[in-house]
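Everything on this sheet refers to the single structure shown next.
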Amino acid sequence: MSAGHTGGTDLLDPCGSPTHPDCGIRDVLDRVGDTWSVLVIAELSAGTRRFGELQRAVVGVSQRMLTLTVRRLERDGLVTRTVYPTVPATVTYELTQRGRELSGLVRVLADWSASTREAVTRSRAEWDAGNPGSGVR
């Protein structure tokens with residue numbers, strides 16, 4: 001990336017360099033960048049949800065994976081889990097302030113993904129045509 005392309009923003013120090021051995025970006029991005037976390041955060045950005053509502057909204061997620069995802073997001077301080085003393089117990093999930101900050105970034109990424117989906121699909125088709133049998137998907 002050229003200096004002029006950065007638009008005046010500071011360049012990121014590369015993780016793993018001798019002067020910057022572990023910037024912590026990978027650890028955070030591993031959590032907030034996985035598919036299920038992004039989809040749960042997007043759903044919770046609309047408000048508080050019960051577990052079943054989340055499971056219906058996040059198509060394809062298993063009960064086990066959703067449980068792991070919300071626990072991890074709770075551990076990272078992005079989601080709050082509230083248990084109400086009812087029979088059976090009612091459990092709700094909502095974004096914390098940190099989670100709401102992240103949801104704004106997720107929205108930008110989702111909007112960008114939607115607006116470039118067709119272009120990416122075309123690029124993939126062109127690349128696949130020029131690289132038959134590559135096995136890249």
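Open room surrounds CD on Glu118; 12 or fewer heavy atoms of other groups in view lie less than 6.0 Å from it. Residue Arg71 places its CZ atom among 12 or fewer non-hydrogen atoms of other residues, nucleotides or ligands, all under 6.0 Å distant.
Residue Thr86 comes nearest to Thr90 through the heavy atom pair OG1-OG1, 2.9 Å, listed as atom of the first residue, atom of the second, then distance. When every heavy atom of Arg56 is checked against every heavy atom of Val59, the shortest pair comes out as O-CG2, 4.0 Å. Contact between Gln55 and Ser62 at its shortest, heavy atoms only, is NE2-C, 3.9 Å. The minimum heavy-atom distance linking Trp127 with Ser134 is given by the pair CZ3-OG, 3.2 Å.
Distance alone, capped at 3.5 Å, is enough to place a donor-acceptor pair between the Arg98 side chain and the Asp76 backbone. Not a single donor-acceptor pair under 3.5 Å links the side chain of Arg49 to the backbone N or O of Leu44. Between the side chain of Thr69 and the main chain of Met65, a donor-acceptor pair closer than 3.5 Å is present.
Annotation: side chain of Val91 is not in contact with side chain of Phe51 (no heavy-atom distance under 4.5 Å). Side-chain contact between Ser45 and Val106 is absent, with no heavy-atom pair separated by less than 4.5 Å.
Annotation: the span from Ser103 atom OG to Leu109 atom CG amounts to 12.5 Å, rounded to 0.5 Å. Taking CG of Leu95 as the reference point, atom CD of Glu43 lies at 10.0 Å (rounded to 0.5 Å). Note that CD of Glu101 and CG of Leu78 are 9.5 Å apart. Values are rounded to the nearest 0.5 Å.
Cluster annotation: Leu54 and Val83 are assigned to the same hydrophobic cluster (Ile/Leu/Val/Met/Phe/Trp/Tyr, side-chain heavy-atom contacts under 4.5 Å, transitive). Both Val32 and Leu105 belong to a common hydrophobic cluster when Ile, Leu, Val, Met, Phe, Trp and Tyr are linked at side-chain heavy-atom distances under 4.5 angstrom.
The residues Asp111 and Arg107 are annotated as salt-bridged, a charged nitrogen and a carboxylate oxygen being separated by less than 4.0 angstrom.
The side chain to side chain contact (heavy atoms under 4.5 Å, CB included) with Ser37 is formed by just one residue from the set Leu102, Val79, Leu73, Val70; it is Leu73. Checking each of Thr67, Leu68, Leu66 against Val61 for a side chain to side chain contact (heavy atoms under 4.5 Å, CB included) leaves exactly one that passes, namely Leu66.
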Query - Thr92/Glu53 under side-chain contact (heavy atoms from CB on, under 4.5 Å): CA gap, chis, key distance, verdict - result: CA-CA 9 Å; Thr92 61; Glu53 292 173 318; over 6 Å; no

